[in-house]
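Beneath this line is the structure, given in structure tokens, with notes to follow.
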Amino acid sequence: MNLMANILLNVLVAFLVGSLLFGLQRKIMARIQMRPGPPIIQHLLHTFKFYVKESSFPRTAAMPFYVAIASMLCAIWVSAVIVGPVAQGSLLLFFGIYALHKIVEHNAGSSSGSPYGKLSCVRAVFSAAAEVPLFAVLIIIYLQTNTMVIHDIIQYQSVNGPLIYTIPLAAVMFFVLILSKAPYSPFAITKGKDIISGYETEHFGVLRGYLMISESIAWYMLLWVFLTVFIGPMSILGYLIGMLVLSVITAFINATTPLLNPNHSIMVQVIFAFIGIFGSILLMMVF
């Protein structure tokens, strides 16, 4: 398979699997809360729906930046697919892409001119401040494996066993990072119900479709990196089962916990980060 076909196939798989996992999360959450819930394909249907709806642009939007920033979000996560499943490149590049996502998320809200979008972009800065300590998981992984290249980390685990056994607290740190990107998460302060849809509030039509595609790919990629870095070489079926399990756990947490306010969200994530950092270093020193 040539490179371009490989990229397109992986992007398509990331979008479809990510969309279905989002739908599964909503279904499980509804059942836990004793509601019927939407069909599992609902997120996928919503994504396609926006491409046949009329696109509208608020008068307050900063054109053409408003259009460009939504398109960039989709391109960023396509780049993540190339760095991850296609090239198995550096984790530093992947987390650099994640950092760009936070910047684009901020600007998507501010460029619309909507008060909800502006409040969301302020919360995006708050959430980034909480997530930066969680990036210390990179240092822990490097200290354990002496590499930041995904391919080499996979090879390390094929010889020494899954990292989730040797640095479990680092895996918890990364899972908290994943949880913060899940819809209806207790840490999802950028799109809380009190600000409608947050930075997406004023995006309609094709632009909203771009955002929904990027969300699906982002969810798939975060799960893929977690499974690859902490469990190691897996079959396609293994990846699907792992993503399913992580999504079910996330859905249960989201269904049984309230949305934290921004201050509490930051505090809880930072606490998880510091426990993970110092606990992991202590475990590596002892064992």
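Being a predicted model, the structure only gives us computed values, none of them experimental. The figures that follow rest on heavy atoms only: side chains count, while hydrogens, waters and symmetry mates do not.
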Let me check something: do [X] and [Y] share a hydrophobic cluster, defined by ILVMFWY side-chain heavy atoms less than 4.5 Å apart, either directly or through other members?
| X | Y | value |
| --- | --- | --- |
| Leu227 | Val13 | yes |
| Leu8 | Leu16 | no |
| Ile167 | Val159 | no |
| Met4 | Ile82 | no |
| Ile236 | Leu223 | yes |

Does a sphere of radius 6.0 Å around OH in Tyr239 hold more than 12 heavy atoms from other residues, nucleotides or ligands, not counting ones at 6.0 Å or beyond? yes
Heavy-atom count around Ile139 CD1 within 6.0 Å, excluding the residue itself: above 12? no
Quick one: are [X] and [Y] in side-chain contact, heavy atoms under 4.5 Å?
| X | Y | result |
| --- | --- | --- |
| Phe174 | Val225 | yes |
| Thr228 | Ile153 | no |
| Leu21 | Tyr220 | no |
| Ile213 | Tyr51 | yes |
| Phe272 | Gln269 | no |
| Tyr142 | Leu91 | no |
| Phe175 | Ile249 | yes |
| Asp152 | Thr145 | no |

Would you name the heavy atoms of [X] and [Y] that are closest together and state the gap between them?
| X | Y | value |
| --- | --- | --- |
| Ile217 | Val11 | CD1-CG1, 4.1 Å |
| Ile277 | Ile140 | CA-CD1, 4.0 Å |
| Ile97 | Ile76 | CG2-CG2, 3.3 Å |
| Val137 | Ala170 | CG2-O, 3.4 Å |
| Leu177 | Phe95 | CD2-CE2, 3.8 Å |
| Ala80 | Phe94 | CB-CE1, 4.1 Å |

Hey, what do you get for [atom1] ([X]) to [atom2] ([Y]), rounding to the nearest 0.5 Å?
| X | Y | atom1 | atom2 | result |
| --- | --- | --- | --- | --- |
| Met173 | Phe274 | CE | CZ | 9.5 Å |
| Gln157 | Ile231 | CD | CD1 | 8.5 Å |
| Asn254 | Leu179 | CG | CG | 5.5 Å |
| Arg208 | Lys49 | CZ | NZ | 8.5 Å |
| Leu240 | Met243 | CG | CE | 7.0 Å |
| Met234 | Ile241 | CE | CD1 | 7.5 Å |

In terms of the angle between their ring planes, are His43 and Phe22 parallel, tilted or perpendicular, with boundaries placed at 30° and 60°? tilted
Passes side-chain contact (heavy atoms from CB on, under 4.5 Å), Phe15 versus Thr47? Steps please. CA-CA 10 Å; Phe15 165 61; Thr47 302; 3.8 Å; yes
Side chain of Ser158, backbone of Gln155: donor and acceptor closer than 3.5 Å? yes
Please enumerate all residues that pass ring pair (Phe, Tyr, Trp, His ring centres under 6.0 Å) together with Phe230, with sequence neighbours excluded. Phe226
Walk me through whether Asn10 and Trp224 qualify under side-chain contact (heavy atoms from CB on, under 4.5 Å). CA-CA 12 Å; Asn10 277 279; Trp224 184 89; over 6 Å; no
